[in-house]
Amino acid sequence: MPRSDEAEAFFFAVYSAVREIPYGKVTTYGHIAKLVGTPQRPRQVGICLKHLPEDPDVRYNHDNVPWQRVINSKGIISPRSQPSGARNQAAALQAEGVEVTTGALGELSVDFAEFGWFPEILPSEEGEGTPNGED
DNA sequence: GTATTGACGATGT
DNA sequence: CACATCGCCAATA
């Protein structure tokens, strides 16, 4: 649980944005950060997913948030402390039909040209307002 | 209470 | 193109 209410709002915003990623598609932490209005904090997006609760009782949990569809800007699954985790994420993506290629160094990369999700700034994402207001 | 790390990204060298 | 540094800030030690 986040330390402050403001941080909690950030967590929810991130989870909400991640849920918008369509099945079989992927996006980056930086992109999510932009969507929630804080492009300077891609790391915190990672923190949100890292602390994504597994309890199905919680509003956003490991079951209803497609955390697996979030990768880094380099187009590869971010290698974290536990290698199994990244490998697990790769498996989850492959289960959605996403082709994950393993590099010589064990890098699990996803072809963004094929599976990348490049949406416009989604309106009413978390209640911030329309990006261009109205054209 | 302070120090270090980390599921990132942009810049600088 | 590879590696180093800064910013960002919550979580952990």
Side-chain angles (χ1 to χ4, degrees):
Chain A
M1 177 150 111
R3 307 160 118 223
S4 60
D5 181 72
E6 185 178 9
E8 185 185 82
F10 179 82
F11 270 60
F12 287 142
V14 170
Y15 296 146
S16 182
V18 173
R19 281 167 62 111
E20 298 302 306
I21 307 174
Y23 183 94
K25 292 289 183 179
V26 297
T27 192
T28 68
Y29 298 95
H31 199 125
I32 296 298
K34 277 187 176 182
L35 290 177
V36 301
T38 54
Q40 303 299 99
R41 291 174 262 193
R43 306 197 81 160
Q44 273 49 267
V45 174
I47 293 176
C48 295
L49 297 179
K50 180 180 182 181
H51 291 273
L52 184 61
E54 300 181 58
D55 298 86
D57 182 63
V58 186
R59 165 139 84 139
Y60 296 108
N61 57 72
H62 199 292
D63 190 69
N64 59 22
V65 178
W67 57 276
Q68 51 193 44
R69 298 176 194 157
V70 185
I71 63 179
N72 65 29
S73 186
K74 289 171 289 194
I76 48 189
I77 299 173
S78 299
R80 55 295 175 175
S81 309
Q82 194 86 66
S84 334
R87 185 60 182 75
N88 182 16
Q89 181 173 359
L93 288 175
Q94 290 175 322
E96 300 187 356
V98 178
E99 296 180 48
V100 181
T101 57
T102 307
L105 303 177
E107 332 154 295
L108 300 169
S109 45
V110 176
D111 188 348
F112 248 88
E114 293 282 15
F115 306 100
W117 183 57
F118 304 97
E120 297 300 310
I121 304 300
L122 302 178
S124 309
E125 188 54 72
E126 21 66 57
E128 58 177 38
T130 50
N132 56 355
E134 55 287 327
D135 58 42

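All values derive from a computational prediction rather than experimental measurement. Naming convention: chains lettered A, B, ... in sequence-line order (proteins, then strands); numbering from 1 in each chain.
Of the candidates B:dA10, B:dA7, C:dA10, the closest approach to any side-chain atom of A:Ser73 belongs to B:dA10. Counting only heavy atoms from C-beta on, A:Ile47 has its side chain closest to B:dG6 among B:dA7, C:dG7, B:dG6. Of the candidate nucleotides C:dC8, B:dA7, C:dA11, C:dC8 has the atom nearest to the side chain of A:Gln40. When each of B:dG9, C:dT12, C:dC8 is scored by its nearest atom to the side-chain atoms of A:Asn72, the top-ranked nucleotide is B:dG9. For A:Ala7, counting side-chain heavy atoms from C-beta on, the closest listed nucleotide (B:dA7, C:dA10, B:dG9) is C:dA10.
Between A:Phe112 and A:Phe118, a ring centre-to-centre spacing shorter than 6.0 Å is recorded.
Within 3.5 Å, no donor on the side chain of A:Arg43 pairs with an acceptor on the base of B:dG9, nor the reverse.
For the pair A:Phe11 CZ and C:dC9 P, the interatomic distance rounds to 13 Å; values are reported in whole Å. Rounded to whole angstrom, the span from the CD atom of A:Gln44 across to the P atom of B:dG9 amounts to 12 Å. Between the CD atom of A:Glu107 and the C1' atom of C:dA2 there is a distance of 13 Å, given to the nearest Å. A:Leu52 places its CG atom 13 Å from the P atom of C:dA11, with the value rounded to the nearest Å. Across the protein-nucleic acid pair, A:Phe112 atom CZ and B:dC8 atom P stand 13 Å apart, rounded to whole Å. To the nearest angstrom, C1' of C:dC9 lies 13 Å from NZ of A:Lys50. In this structure, the CG atom of A:Leu105 is 10 Å from the P atom of C:dC3, given to the nearest Å. The NZ atom of A:Lys34 sits 10 Å away from the C1' atom of B:dG9 (whole-angstrom rounding).
Residue A:Ser78 places at least one side-chain N or O closer than 4.0 Å to OP1 or OP2 of B:dC8.
Side-chain atoms of A:Ser73 and A:Thr28 form no donor-acceptor pair, as typed in the model, at a separation below 3.5 Å.
Using a 4.5 Å cut-off on side-chain heavy atoms (C-beta onward), A:Ile77 and A:Leu93 make contact.
On the C1' atoms, B:dG1 is 22 Å away from C:dC8, given to the nearest whole Å.
Taking a cutoff of 4.0 Å between a charged side-chain nitrogen and a carboxylate oxygen, A:Glu96 and A:Arg69 qualify as a salt bridge.
When heavy atoms are screened at a 4.0 angstrom cut-off, A:Ser81 is found touching the sugar-phosphate backbone but no base atom. Using a 4.0 Å heavy-atom distance criterion, A:Pro39 is classed as making no nucleic acid contact.
The two atoms that bring A:Trp117 and A:Lys25 nearest to each other are CB-CB, 4.1 Å, heavy atoms only.
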